[in-house]
Structures are given as structure tokens and as C-alpha cells.
Amino acid sequence: MGGHDSVAALAPLIPVANGVDERVDWSEVEGIWGRRFPADYVRFMEVYGPGLVSGEIVILLPAPRPGTYTDGSGLQEETENARLTWEMCGDEVDFEVDPESIVAWGVTTGADIYCWLTTDEDPDRWPVLVCGRHTSPSFQVHPFGMAEFLRRLLGDAEFQEETISVVLPEEGSFVNWREQQRRHDSELNPATGQPW
């Protein structure tokens, strides 16, 4: 399934109403990371942008951008966390991974890190690596991309049980970081800039 089709398959599970095209400069991103990114992730950034899925899963920016919903580091900080987690605990599993091939694309409020294993020259064939905080097993490799992973995570209770350390609501949602910021700012007292 291509990037357009796989992201379109998410629409029934996470409506695009609060999505925003992030207008990513992919040549800049490729320069930073030294690689292309999967078509489904590129398409996700065009349709949804980075933000919060079902109140529990954060989809990360591909490159640093100050003033965003997190510290603005994008994938970089969580990639470092995932690589460190693998180096500390990876000997507990029966498969090998070069830590340098791990690139994070999402995190959960339960401290799970969702990554790609960038071992194939074709980024559309990168499998998803779960670095789970309380999943069983803690490290899992799934032979499909980010959008298909999210589709299964949001639409298959059994798959969800194995791959996320938090409980997702029955009805999926998505809120782009810009909309999150707008909502947060509207809750502030305009006179003080503090919460009411």
C-alpha cells in the first residue's frame, strides 16, 4: 500500500478535521538525516502534520523546529532515547539490531517509543520497531510501515494490547500541534497570560 493509500485508510479511524499540512522541506530533512523518509510518513505530514493521536500517541516532527508542541527537537531526541534503550536492554531479545538503524517517529504517554529500522535502502520497506515501556515483549518488530501500524493499533484491540502501554479511547482522534497550541492559548487569561 502506497503512502497515499495507507494514510487514506487511517481517515475512518482518525478524522483529518484537526490536521494541518506541515509543509515540510523534505530536502532539508534528508540533509539532516542523510536519508529519505517513507512515503506514508511524508503523506501523514501533508494530511495531519505532527500532533496527538487519540490523546495518547505523539507523532513527531521530522526535523527540529523551535516554538512547537514539544521542545522542537523533532525525531532527534526520541531517536537518541530509543537507541539508548536498545543498547541498555536489547540483549533481552532474540533478534539483532544496529542501534544506528533506529529512528523514532512517535511516542506514547506511556513512554513507548515507535521507530523505524532503517536497514533497507527503500524507506517504504522499513519495519516498525516498538520499544515498549510495559508491552509484551518490550521490543517488537512489525513488517509494515507507520501508517499501517497506526491503522492496526487503532482498529485492532488484540494488536493494541500487545503494542501500547496505555489504554486508547474507543473513538480515535487527531489534533495537530498547532491546534493544540491554539486551544491551550485560548484557555489563558489574556490579561496575565496565565491559566484562569
Side-chain angles (χ1 to χ4, degrees), residues 1-65 68-70 72-79 82 101-108 112-131 140-156 159-160 163-164 168-169 171-182:
M1 195 180 284
H4 290 276
D5 294 341
S6 58
V7 172
L10 288 172
L13 298 169
I14 48 173
V16 299
N18 291 312
V20 177
D21 181 351
E22 198 58 32
R23 302 192 184 279
V24 173
D25 180 344
W26 290 104
S27 60
E28 175 190 355
V29 170
E30 290 170 21
I32 292 169
W33 286 93
R35 58 182 54 124
R36 287 183 309 118
F37 278 78
D40 61 344
Y41 179 72
V42 171
R43 183 65 182 151
F44 193 95
M45 287 297 128
E46 292 171 351
V47 174
Y48 293 98
L52 192 61
V53 175
S54 295
E56 302 291 344
I57 306 163
V58 178
I59 307 300
L60 301 167
L61 282 162
R65 186 174 294 174
T68 58
Y69 63 103
T70 64
S73 65
L75 307 180
Q76 192 163 6
E77 182 178 345
E78 291 305 332
T79 293
S101 73
I102 298 172
V103 175
W105 55 262
V107 295
T108 72
D112 307 311
I113 309 173
Y114 296 141
C115 310
W116 294 290
L117 289 178
T118 62
T119 52
D120 197 297
E121 286 189 23
D122 180 354
D124 294 328
R125 293 201 300 247
W126 291 349
V128 169
L129 171 70
V130 174
C131 297
Q140 307 165 25
V141 177
H142 298 278
F144 37 78
M146 171 203 149
E148 178 62 15
F149 179 85
L150 287 173
R151 188 189 69 73
R152 291 182 189 209
L153 185 62
L154 297 167
D156 180 336
F159 185 80
Q160 187 180 118
T163 54
I164 194 166
L168 296 175
E171 189 171 327
S173 63
F174 180 82
V175 181
N176 181 279
W177 74 270
R178 295 174 196 278
E179 176 62 14
Q180 290 177 50
Q181 190 64 50
R182 188 196 65 73

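Across Ser54 and Gly172, no two heavy atoms sit closer than the pair OG-CA, 3.3 Å. Listed here is the closest heavy atom pair of Asn176 and Gly49: ND2-CA, 3.6 Å. The two residues Pro50 and Leu61 come nearest to each other via the heavy atoms CG-CD2, 3.3 Å. Summarising the geometry of Val24 relative to Pro62, their closest heavy-atom pair is CG1-CG, 3.9 Å, with the distance given to 0.1 Å. Across Gly145 and Asp40, no two heavy atoms sit closer than the pair C-OD2, 3.6 Å.
Distance CG/Asp124 to OH/Tyr41: 14.0 Å, rounded to 0.5 Å. For the atom pair Glu171 CD and Leu154 CG, the distance stands at 12.0 Å (nearest 0.5 Å). Taking CE of Met146 as the start and CG of Leu10 as the end, the distance is 7.5 Å to the nearest 0.5 Å.
In this structure, Arg36 and Val29 have side chains that are not in contact, with every pair of non-hydrogen atoms separated by 4.5 Å or more. The closest side-chain heavy-atom distance from Val53 to Leu153 is not below 4.5 Å. Thr163 places none of its side-chain heavy atoms less than 4.5 Å from the side chain of Arg152. Side-chain contact between Thr108 and Tyr114: present, with at least one pair of heavy atoms (C-beta onward) separated by less than 4.5 Å. Using a 4.5 Å cut-off on side-chain heavy atoms (C-beta onward), Glu148 and Val128 make no contact. Residues Ile57 and Ile164 are in side-chain contact: their nearest non-hydrogen atoms beyond the backbone lie under 4.5 Å apart. Looking at heavy atoms from C-beta onward, Gln76 lies out of side-chain contact with Leu60 at the 4.5 angstrom threshold. For the pair Phe44/Phe174, a side-chain contact is recorded, criterion being any heavy-atom separation below 4.5 Å from C-beta on.
Judged by distance alone, the side chain of Tyr48 and the main-chain N or O of Ile14 form a donor-acceptor pair under 3.5 Å.
For Phe159, the ring-ring contact (aromatic ring centres under 6.0 Å, His included) criterion is met by His142, Phe149, not counting sequence neighbours. With sequence neighbours excluded, the residues forming a side chain to side chain contact (heavy atoms under 4.5 Å, CB included) with Val103 are Trp33, Arg35, Phe37, Leu75, Thr79, Arg83, Trp116, Thr118, listed by chain and number. Arg125 meets the side-chain hydrogen bond (donor to acceptor under 3.5 Å, both in side chains) test with Asp120; sequence neighbours excluded. With sequence neighbours excluded, no residue forms a side-chain hydrogen bond (donor to acceptor under 3.5 Å, both in side chains) with Asp156. Judged as a side chain to side chain contact (heavy atoms under 4.5 Å, CB included), and not counting sequence neighbours, the contacts of Leu117 are Val97, Ser101, Ile102, Pro127, Leu129, Val141.
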